[in-house]
Peer 1: 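Following this message is one structure expressed as structure tokens.
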2 protein chains.
Amino acid sequence: MNTPSAVLTRADGTPVRVLVVDDEPDLAEVVTGALRYEGWDVRAAASADAAVREARAFRPDAVVLDIMLPDRDGLSVLRDLRAEQPHVCVLFLTARDAVEDRITGITAGGDDYVTKPFSLGELVARLRGLLRRAGMTRERATDSLLVVGDLELDEDAHEVTRGGDLIDLSPTEFQLLRCLMRHARQVLSKTQLLDLVWSYDFGGGAHVVELYISYLRKKIDSGRAPMIHTVRGAGYVLKPAPQ
Amino acid sequence: MNTPSAVLTRADGTPVRVLVVDDEPDLAEVVTGALRYEGWDVRAAASADAAVREARAFRPDAVVLDIMLPDRDGLSVLRDLRAEQPHVCVLFLTARDAVEDRITGITAGGDDYVTKPFSLGELVARLRGLLRRAGMTRERATDSLLVVGDLELDEDAHEVTRGGDLIDLSPTEFQLLRCLMRHARQVLSKTQLLDLVWSYDFGGGAHVVELYISYLRKKIDSGRAPMIHTVRGAGYVLKPAPQ
DNA sequence: GCGACCTCTGAGCCGGCTCTGAGCCGCACC
DNA sequence: GGTGCGGCTCAGAGCCGGCTCAGAGGTCGC
């Protein structure tokens, strides 16, 4: 789905390395798959000890780390990781109701976290942001900007403009648009959008996607040449409006 | 039946390898036949355990996997397959009403699924898409574009143009044209088209094919040199119009 | 505790798509 | 030239996919 040029790479041109640490096999599988699909080099570990061992051998650029592990606390794993690789980026996975004060200290150090249940698109975007800000990749700071035609989306500032006009979007609308923009000129099925934008435990059907597409159209396309197109029986595409 | 140049091959030039996993012998037979017709190297397995065993020996590039297997769940099979071959592509087969649960998130990982009853052309197209995007073949990313004369069909964007003019097609028209273009300069019988474009449980006769050919002609050939030709008693061919 | 916003469900509507049937045309073989 | 078959096209019925609206429930901030 990504064109090769869009793959985030390290300074030396090899794919970014990510270690996924989670003890739930299904979740680990889905996350691993999504990151691999980004073109990254991914390995998985199911416990804290395995994570430390794997990190030593694999030397990842980033670690996706579940805070609730069977054997040890995530924060102690962080200390172990940092002891050997001070510059590794860490993205924590945490339950919503879990204490946030422990985490807030972390984010000050440049790391980030997402709360369960999360969406895969969000996870990938956060990870990309971490890596980019850590200067670990070939992308420049300005590459937080997605551009399709006269439509611009700034992933860092969470800002969207069309033809220079600022457009206010809700969180879900923003994620949906980001997803469409990252795959511009390419039909995405409702299921794909559901899998990327909505959290993995979402029980509902693809109807929500239609609904949010209609919201987006109102905010982005209304009164202008449409950019969001329906492909009946297939899904939706975002394309620059022809002049 | 394909011209050799059209056969999708791995990087080393050997045919793509596909493992078909389904416990219904009839369906497995049909699918296996269709994939062999593409020039691919196909093997079959009738259970999850057999699939994992076969995959170990056969080392397929892609797996067509029925989600409803007698012995095990589809997602757990996926895990087992990925554990040994992290980059194998998986196309799930699933009943229409059984979608939604159990396989959420898989399209975000680059895998895909088709719902029963499906058409063989659809199955093949999805599989080709998976393999192409996984970079497992000689084709480049740009090869989502089919070109015959001044007629172009972009499988990713679901876009068709003739002489630069955008042509709007319904889902069935699109599939039919894709099928004709993939077998350009080659007579396809109405039965073949029926088998490829319509789902395998379609009850009607070949008359629909005539009907849809006439729709296509109106949209593609009208006012220009015709590209779709009738071969009386044999079927239809798509050829570049002579200048 | 209240209000604003966001998210999702359900229902209804509309349009277009798909397929059936019938009639017509023309080629081909008597 | 007649007849029959294969193919083409039109018209219409039914259905399905997608869009929108209205409203319930939840969350967050004040």
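Here is how names work: the chains are called A, B, and so on, in the same order as the sequence lines, proteins then strands, and each is numbered from 1.
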Peer 1: Kindly calculate the angle separating the two end axes of the helix from C:dG1-D:dC30 to C:dC30-D:dG1, each obtained from five base pairs, and round it to 10 degrees.
Peer 2: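 Axis-to-axis angle, ends of the helix: 30°.
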Peer 1: Produce a footprint string for nucleotides 9-21 of chain D: one letter per nucleotide, 5' end first; B if the base is under 4.0 Å from any protein heavy atom, S if only the sugar-phosphate is, - if neither.
Peer 2: BB------BSBBB
Peer 1: Hey, could you give me each pair passing salt bridge (Lys or Arg N to Asp or Glu O under 4.0 Å) that has a residue in residues 221-243 of chain A? Not counting sequence neighbours.
Peer 2: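 Of all non-adjacent pairs touching residues 221-243 of chain A, those that pass salt bridge (Lys or Arg N to Asp or Glu O under 4.0 Å) are A:R162-A:D221, A:D165-A:R224, A:K239-B:E159.
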Peer 1: List the residues meeting salt bridge (Lys or Arg N to Asp or Glu O under 4.0 Å) with A:D195, not counting sequence neighbours, and say none if there are none.
Peer 2: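 A:D195 satisfies salt bridge (Lys or Arg N to Asp or Glu O under 4.0 Å) with no other residue.
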Peer 1: Can you find a side chain N or O atom of B:W198 that sits less than 4.0 Å from OP1 or OP2 on C:dT18?
Peer 2: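 No, because none of the side-chain N or O atoms of B:W198 sits under 4.0 Å from OP1 or OP2 of C:dT18.
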Peer 1: Kindly indicate, with the supporting measurements, whether the criterion side chain to side chain donor-acceptor pair (under 3.5 Å) is fulfilled by A:R217 and A:T230.
Peer 2: CA-CA 11 Å; A:R217 286 212 245 243; A:T230 305; 2.8 Å; yes
Peer 1: Nearest whole angstrom, please: distance from the C1' of C:dC17 to the CZ of B:F202.
Peer 2: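 Spelled out: CZ on B:F202 to C1' on C:dC17 is 13 Å.
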Peer 1: Below 4.0 angstrom, N of the basic side chain to O of the carboxylate: do A:D201 and A:K116 qualify?
Peer 2: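 A:K116 and A:D201: not salt-bridged.
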Peer 1: Does one side chain, of A:T191 or B:Y113, offer a donor that lies under 3.5 Å from an acceptor on the other?
Peer 2: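 Yes - a donor-acceptor pair under 3.5 Å links their side chains.
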Peer 1: Could you tell me the separation between the OH atom of A:Y212 and the C1' atom of C:dC5, rounded to a whole number of Å?
Peer 2: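 Going from OH in A:Y212 over to C1' in C:dC5 covers 10 Å.
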Peer 1: Can you list the residues that meet the salt bridge (Lys or Arg N to Asp or Glu O under 4.0 Å) rule with B:E29, with sequence neighbours excluded?
Peer 2: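 Once residues adjacent in sequence are excluded, B:E29 has no partner under the salt bridge (Lys or Arg N to Asp or Glu O under 4.0 Å) criterion.
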Peer 1: Is there a side-chain contact between A:T172 and the phosphate of C:dC6, meaning an N or O under 4.0 Å from OP1 or OP2?
Peer 2: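 Result: no.
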Peer 1: Measure the CG-CG distance between B:L93 and B:L123 for me, rounded to the nearest 0.5 Å.
Peer 2: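 Here the interatomic distance stands at 6.5 Å.
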Peer 1: Nearest whole Å is fine: how far is C:dC17 P from B:L169 CG?
Peer 2: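 About 10 Å, once rounded to whole Å.
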Peer 1: Taking salt bridge (Lys or Arg N to Asp or Glu O under 4.0 Å) as the definition, give me every residue that meets it alongside B:E155, ordered by chain and number, with sequence neighbours left out.
Peer 2: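 So B:E155 forms a salt bridge (Lys or Arg N to Asp or Glu O under 4.0 Å) with B:R178.
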